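Quick caveat: nothing in here was measured; it's all calculated off a predicted structure. In each ligand, atom 1 is the first atom listed, and ligand 1 is the first ligand listed. Below, all heavy atoms of this structure are taken into account, side chains as well, without hydrogens, waters or symmetry copies.
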Amino acid sequence: LEANFSVIRNEDGPVNGLITVLHDVTEKETIERERREFVANVSHELRTPLTTMRSYLEALEDGAMEDENIGPRFLQVTQNETERMIRLVNDLLQLSKMDSDDLKMTFEMTDLGELLHQISERFEMITKDKNIGFNKDIPMHPLYVDMDKDKMTQVFDNIVSNAVKYSPDGGQITIQVITRAKAIDIEVTDEGVGIPKDSQPKVFDRFYRVDKARARNLGGTGLGLAIAKELVESHDGYISIDSEWQKGTTVSVTLPYSVHEKAGVSE
Ligand code: ADP
């Protein structure tokens with residue numbers, strides 16, 4: 001704690017007051033420490049794919065390229081690492097926009113049910129190999145919610161892609177919508193690896209992963225849920241996670257909602 005004192009007195013008169021301003025130095029230190037950790041994390045996250053690529057490229061140069069089995073496999077690794085780096089840099093750019101309040105939001109009345117159906121159909125297409133079953137428990141009637149459609153699409157993309165990533169082959173993913181008086185809940189439940197209880201509050205932190213090696217192999221950047229949280233909060237909503245290790249995970253998003261809202265008109 002840092003203290004500044006100012007004496008208040010009438011012109012040439014006696015002292016008749018004292019102002020004490022207390023600064024919380026620890027908060028400044030925390031911000032500075034978080035900034036340093038963030039830069040260290042970013043450097044580490046970028047260095048890992050680069051060093052991986054360097055060793056695969058060296059091996060290719062040293063003869064692996066001539067081997068018709070190993071050559072294409074090693075090239076594929078460098079391709080995957082490049083793609084992960086692009087994802088990482090895109091995520092970082094987005095976070096930096098959010099940090100500087102540079103994120104432009106375009107709110108419009110959007111049918112949430114239709115949006116969720118579209119997202120789930122897209123994932124059904126791209127995860128055919130994994131044989132994941134998508135169950136939907138979404139009311140049939142339109143559910144108009146005031147949102148930035150692209151941003152909320154990204155939120156659900158991040159959540160559903162985690163559900164897919166951490167699910168076993170043939171696992172079931174359930175997307176459920178629950179409407180309440182002034183809010184709407186969207187819950188995405190999977191039967192995947194789950195998250196130990198003590199790790200659950202940390203999954204929304206930037207770069208936090210329960211199992212770094214596995215998350216990285218699955219192409220994760222460790223930023224997906226941090227971005228989702230910021231985007232949901234810019235909708236005055238909130239996001240939470242409930243999970244049981246080895247059983248499965250539910251991620252819930254709650255958004256403000258009024259039953260009376262219709263497309264473009266709210267009461
Ligand atoms: P990543 O890109 O690594 O998936 P996220 O920010 O999206 O990063 O998630 C952070 C971490 O939370 C993940 O690395 C993973 O350990 C854990 N996690 C997130 N969603 C799930 C899920 N559905 N099942 C199990 N673990 C999950």
Side-chain angles (χ1 to χ4, degrees), residues 34 37-38 41-42 44-49 52 80-99 116 119-120 123-124 126-127 130-136 151-176 185-234 237-254:
E34 281 175 356
E37 277 173 12
F38 183 70
N41 273 327
V42 170
H44 179 79
E45 293 300 327
L46 286 171
R47 198 180 52 192
T48 310
T52 308
N80 291 347
E81 291 297 290
T82 313
E83 268 154 24
R84 194 157 64 82
M85 269 177 55
I86 294 172
R87 272 202 301 279
L88 181 63
V89 171
N90 283 339
D91 283 357
L92 284 169
L93 281 173
Q94 180 154 24
L95 277 172
S96 118
K97 271 195 204 151
M98 296 197 259
D99 288 346
L116 291 171
I119 293 172
S120 118
F123 276 96
E124 277 171 50
I126 58 178
T127 58
K130 240 185 143 173
N131 227 348
I132 305 268
F134 283 84
N135 309 310
K136 277 156 281 187
K151 307 273 185 328
M152 282 316 293
T153 301
Q154 189 182 356
V155 168
F156 294 120
D157 272 5
N158 291 358
I159 296 170
V160 177
S161 78
N162 280 342
V164 170
K165 262 196 292 192
Y166 300 104
S167 279
D169 280 3
Q172 298 291 311
I173 293 176
T174 305
I175 301 176
Q176 191 182 15
D185 297 324
I186 306 100
E187 299 188 350
V188 179
T189 303
D190 64 61
E191 304 173 336
V193 291
I195 304 166
K197 282 276 176 258
D198 57 336
S199 301
Q200 287 173 29
K202 297 185 225 154
V203 295
F204 297 104
D205 293 351
R206 295 174 186 190
F207 295 117
Y208 181 82
R209 294 145 167 148
V210 178
D211 179 342
K212 272 199 186 289
R214 173 164 57 191
R216 228 184 252 127
N217 286 339
L218 292 169
T221 62
L223 296 173
L225 287 179
I227 291 176
K229 180 168 193 274
E230 300 232 13
L231 291 176
V232 169
E233 286 173 357
S234 9
Y238 50 89
I239 185 168
S240 63
I241 199 157
D242 184 26
S243 179
E244 205 168 328
W245 180 234
Q246 306 297 356
K247 289 256 170 66
T249 301
T250 297
V251 178
S252 313
V253 171
T254 301

Residues 220-234 vs side chain to side chain donor-acceptor pair (under 3.5 Å), sequence neighbours excluded, gives D91-T221, R206-E230, K229-E233
Under the rule for ring-ring contact (aromatic ring centres under 6.0 Å, His included), what residues qualify as partners of F38, not counting sequence neighbours?
F207
Using the side-chain contact (heavy atoms from CB on, under 4.5 Å) definition, which of the options T127, T189, I132 pairs with I173?
I132
Show which side-chain atoms of residues 191-198 pair as donor or acceptor with protein atoms under 3.5 Å away, not counting sequence neighbours.
residue	atom	partner	partner atom	Å
E191	OE1	Q172	N	3.2
K197	NZ	S243	O	2.8

Under 4.0 Å from ligand 1, residues with heavy atoms, in chain and number order, are N162, A163, K165, Y166, D190, V193, G194, I195, V203, Y208, R209, V210, A215, G220, T221, G222, L223, G224, L225, T249
Decide yes or no for L46 and V89: does some side-chain heavy atom of the first lie under 4.5 Å from some side-chain heavy atom of the second?
yes
Between the side chains of R87 and E81, is the shortest nitrogen-to-carboxylate-oxygen separation below 4.0 Å, so that they form an ion pair?
no
